[in-house]
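Here's the structure we're looking at; comments come further down.
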Protein chains: 2
Amino acid sequence: MVQVISAYEKELNNEKIPAGKKKVLLAALDLFSNKGFHATTTSKIAKAAGVSEATIYKYFQSKDDLLKKLLSPLFIELQQDFIGSLSQYQTLDALVTFIVKDRLKFIKANFDFIKLLLQEILTDPKLLQYFKDLISKETDFINVFKSWKQKFSEIDPNLTPIAIIRAIIGPIGAFALQTDFFNYQGDTTSDYSLIKKQIIAGLTN
Amino acid sequence: MVQVISAYEKELNNEKIPAGKKKVLLAALDLFSNKGFHATTTSKIAKAAGVSEATIYKYFQSKDDLLKKLLSPLFIELQQDFIGSLSQYQTLDALVTFIVKDRLKFIKANFDFIKLLLQEILTDPKLLQYFKDLISKETDFINVFKSWKQKFSEIDPNLTPIAIIRAIIGPIGAFALQTDFFNYQGDTTSDYSLIKKQIIAGLTN
DNA sequence: GTCTATATCACGATAGAC
DNA sequence: GTCTATCGTGATATAGAC
């Protein structure tokens, strides 16, 4: 089954878009993310979607265009909600608890998108650059980190934004890899507290 | 430039293998890892290697065979040396210091191979299974972790092998991603001590 | 809004000369 | 040990009917 919990809900629930277009988007996401973009032929997409190849080209200018249209909602999703919701937490422990839970949920919900994005970013310099800009030019991040340092005295004031991002992404990413990709089923409670502990160790002095 | 520091030294320095075969292996590694396996045509490999397509098929049964022959040394390399060398460290700090330095060096030296492996593992269930077996059935790991728990009283005896691997891979992987993929140039000394601190926090009670 | 039928071309792979 | 020349297939993409 394809995961489309967050990044496509609105578009796919919009009744105005044709049934064929929806089916193509879902089939393409499944095949691109699990078999790879270049390994997936338009013929396979058509079969999986139960439509003809002509239908694909009715709604998408090319196979590349279909890929772009699939990825764009994820980029929007990556920025939204998350950063804004960080300001409400008054202790470092509560903040980290939220981040771990929220980002693991996000990764699980969008796992097919993330696999696809990962594959493409590894081989497409343009997409890599776009992604870099999204992270580094995003002054929101810098400001959020500054506010953290003021709010939570435990945080090492010498940490760079890069180091902060790394301290958070490392433990979360490794756990997500084990659970979502290698199908590891662990004891959520103790695993989460280990992840939290590791993140806080990377942030504090 | 292609990275071939460890995983291919012996084979490529062997003077008995034909010049054309060497050139094909190097060109294929570069193109497969940076453009993707399916996006790379045999024609492009031939051009990059400065040989004809027939030369490729003289030495490799198929394009898939070429990929397999490229990846196999990495699997051997992944197992060798590393585990055995872990027993000589008498403090947890010294052990973790070695692991961080050694694995980051390994990743940097084999980065093209790792990018290629990553792409293929994301889309090839057989390769994923092979990789899983390499890790889980590898009883060496379990034994090494057991010996750690006996040797270093700081280590949480309740940690599962999965949690131990995660505690180590997370911080190292995130740093490797930032440096080798996003070209981040940091202060090695303070970065390394942060990584170490985070790993030890994930291992100790 | 979706289909059948088809154009075009590049891909992986091979035969056989040198 | 390497090349030129070529084959068959299946890929993306389109025209036009319903």
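Each chain gets a letter, A, B and so on, in the order its sequence line appears, and its residues count up from 1. Quick caveat, the model's predicted, so the values are computed rather than measured.
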Salt bridge between A:Arg166 and B:Asp191, side-chain N to carboxylate O under 4.0 Å? yes

Ionic contact status for B:Asp112 with B:Lys115, cut-off 4.0 Å: yes

Does one side chain, of A:Tyr59 or A:Asp65, offer a donor that lies under 3.5 Å from an acceptor on the other? no

Ignoring hydrogens and angles, state whether a donor on the side chain of B:Asp187 or B:Ser190 is under 3.5 Å from an acceptor on the partner side chain. yes

Rounded distance (Å) that lies between atom [atom2] of [N] and atom [atom1] of [X]:
X: A:Lys47; N: C:dT4; atom1: NZ; atom2: P; result: 12 Å
X: A:Ile45; N: D:dG10; atom1: CD1; atom2: P; result: 18 Å
X: A:Glu53; N: C:dT4; atom1: CD; atom2: C1'; result: 12 Å
X: B:Ile56; N: D:dT4; atom1: CD1; atom2: C1'; result: 15 Å
X: A:Lys58; N: D:dA17; atom1: NZ; atom2: P; result: 14 Å
X: A:Leu31; N: D:dT12; atom1: CG; atom2: C1'; result: 16 Å
X: B:Phe60; N: D:dT2; atom1: CZ; atom2: P; result: 11 Å
X: A:Lys35; N: D:dA11; atom1: NZ; atom2: P; result: 14 Å

For B:Phe37, is the NZ or CZ atom of B:Lys63 found under 6.0 angstrom from the centre of its six-membered ring and inside 45 degrees of the ring axis? yes

Taking the minimum atom-to-atom distance to the side chain of [X], which one of [options] wins?
X: B:Val51; options: D:dG1, D:dA15, D:dC3; result: D:dC3
X: B:Pro18; options: C:dA15, C:dA13, D:dG1; result: D:dG1
X: A:Tyr57; options: D:dT14, C:dC11, D:dC3; result: D:dT14
X: A:Thr42; options: C:dG12, D:dT12, D:dT14; result: D:dT12
X: A:Tyr59; options: C:dT2, D:dA13, D:dC3; result: C:dT2

Mind listing the residues from residues 61-69 of chain B sitting with a heavy atom below 4.0 Å of DNA chain D? Number order is fine. none

Assert yes or no for the condition that the ring centre distance of B:Phe75 to B:Tyr130 is strictly below 6.0 Å. yes

Quick check: closest heavy atoms across B:Ala46 and B:Ile56, and the distance to 0.1 Å? N-CD1, 3.8 Å

What is the nucleic acid contact for B:Ser52, judged by heavy atoms within less than 4.0 Å: base, sugar-phosphate only, or nothing? base

